[in-house]
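Read through the structure below, which is laid out as structure tokens, and then see the notes.
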Amino acid sequence: MKTIHVTTTVNGDTVEYLCDPRETMLDVLRDRLNLTGAKEGCGTGDCGACSVTVDDRLVCSCLMLGVEAEGKTITTVEGIADGENLHPLQKKFIEYAALQCGICTPGILVAAKSLLEKNPDPTESEVRYWLAGNLCRCTGYDKIIRAVMDTAADMREAS
Amino acid sequence: MQYHSPNSFEDAAALALAATGTTRFLAGGTDVLVQLRADIITPDTVIDIKNIPGTQNITCNADGSWTLGVATPGAEMREHAGLGQDWPGLVEAMDLIGSTQVQGRATLVGNLCNGSPAADSVPAMATAGVELSITNAQGTRRVPVMDIPAGPGRTHLTQGDVISAVHIPARGERGGDAYLRFIPRTEMDIAVVGCAVNLRLDTAGVITEASVSLGAVAPTVLVLDDAADTLIGSTLDDASLDRLAEAASAACNPISDKRGTIEFRTHVAGVLAKRAAKIAYARAQGVTK
């Protein structure tokens, strides 16, 4: 099988890899770039555990081929914190205990960050609709929604 | 699997014509990648059309019509300031498809070419009078959207055909469109019935042009000329709404499945047609957006 050379930007770093054209972006992130934050839940775009942004657009990395990343800018959950300093969303998720097993958490953090960048003052309905593509099977959604709403309020105050 | 990312539709069409085995064009990939993973299709050739210039552009032309690149995702349509003002029904129909993540990639043309009778955007495109450019070795031709669907999972496109642009007419004066669907939950499901209505009024509020389309009630999306005729000349009074509902239900040829029976789908088609017509009428009057 002929592999294809791809140059892309992941979390601010230029990376290069060779990949089989059938590999998904999620496979590339996890198996070739060792970025295992994005999780494979369903592999069919239903659960959102593999959420990343591509050129600032929220997508499921399982529904994208690794070869499509050529020239793009990708951000994963590993790129959310600033070094040792957690992103406000990450701090608030800990404070609210907005997770149990944690499989869905990276995808929800990436999705929530993407929402707050577009809309710093979302209503609860807007948060729930935006995150409707991120499934959580243990915590339930209430603490997650409250953590996102509270982060938004804090970030508005800080700015 | 061969992966190509050509820089022109002529090259994309030539690659598709020369390919052997199964070929898939790749734009948003929200259907293609699911099928690939589920081993429903194993493409020998994938032709990614997103490197072709303009495939992600939304352009308002001088005459008020719109040209959309074939890889424009739903999220770009929704966030566009002008498109949803002109064609709220079409934008809402596209916006109903999938989650935020799916909206980041999914496209109108993908929804059409996936060939689902329940595709939400197709009734809205049909009533809006959307046309598509198809490029192949002979050149580029323009066809109405309803020339594409052939049946569940099938289109009338042949090897070497690639859809190269989406053309949405100018909205014009006193026009409005709407799309509604019934699903058993509040979000992210497949339409049990979908209905689009597009109307134009004269200055007195009399309907002069009408188009009605149903999804998920037949092997392909239906365009209902009879139902449209019940509206023309009316001011959307109760009698004309009842005739519309009757005509919409009469046109149904659905299946029973776990999401709805034949009887349910037939009834709901009439209910949705009335509701969508009311929304389209209010929009045409400029009462609501």
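Each chain gets a letter, A, B and so on, in the order the sequences are listed, and its residues count up from 1. Side chains included, hydrogens not; waters and symmetry mates left out as well; all remaining heavy atoms used.
Salt bridge present: R105(B) and E68(A) bring a charged side-chain N and a carboxylate O closer than 4.0 Å.
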| request: Show your working on salt bridge (Lys or Arg N to Asp or Glu O under 4.0 Å) between E187(B) and R128(A) and close with a plain yes or no. | output: CA-CA 11 Å; E187(B) 268 292 290; R128(A) 286 184 184 274; over 6 Å; no

| field | Residue pair M1(B), L65(A): steps toward the side chain to side chain contact (heavy atoms under 4.5 Å, CB included) verdict | value | CA-CA 12 Å; M1(B) 184 176 106; L65(A) 296 175; 4.2 Å; yes

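In this structure, chain B has no heavy atom under 4.5 Å from any part of L115(A). Of the two parts of E76(B), the backbone and the side chain both hold a non-hydrogen atom closer than 4.5 Å to a non-hydrogen atom of chain A. Looking at T53(A), there are no atoms closer than 4.5 Å to chain B (heavy atoms on both sides), in backbone or side chain. Interface remark: I4(A) contributes side-chain atoms only to the contact with chain B (heavy atom separation under 4.5 Å).
In terms of the side chain to side chain donor-acceptor pair (under 3.5 Å) criterion, residue partners of D86(B) (sequence neighbours excluded) are, by chain and number, W66(B).
Checking E70(A) against N51(B) by side-chain atom types alone, no donor-acceptor pair falls below 3.5 Å.
To the nearest 0.5 Å, the span separating OG1 on T186(B) from OH on Y129(A) amounts to 5.5 Å. Atom CZ in R37(B) sits 14.5 Å away from atom CZ in R22(A) (nearest 0.5 Å). Here the CG atom belonging to L36(B) is positioned 10.0 Å from the OG1 atom belonging to T24(A), to the nearest 0.5 angstrom.
Heavy-atom neighbours of R275(B) CZ from other residues, nucleotides or ligands within 6.0 Å: at or below the threshold of 12. Summarising the local packing, CZ of R78(B) is surrounded by 12 or fewer heavy atoms from other residues, nucleotides or ligands at distances under 6.0 Å.
Using modelled atom types, no side-chain atom of T44(A) and backbone atom of V34(B) make a donor-acceptor pair closer than 3.5 Å.
Within the 4.5 Å cutoff, no side-chain heavy atoms of L63(A) are placed close to those of Q101(B). Taking 4.5 Å as the limit, every side-chain heavy atom of Q2(B) sits out of range of all side-chain heavy atoms of K2(A).
Considering every non-hydrogen atom in both M188(B) and A132(A), the closest pair reads CE-O, 2.8 Å. Closest approach of G133(A) and S99(B) over heavy atoms only: CA-CB, 3.4 Å.
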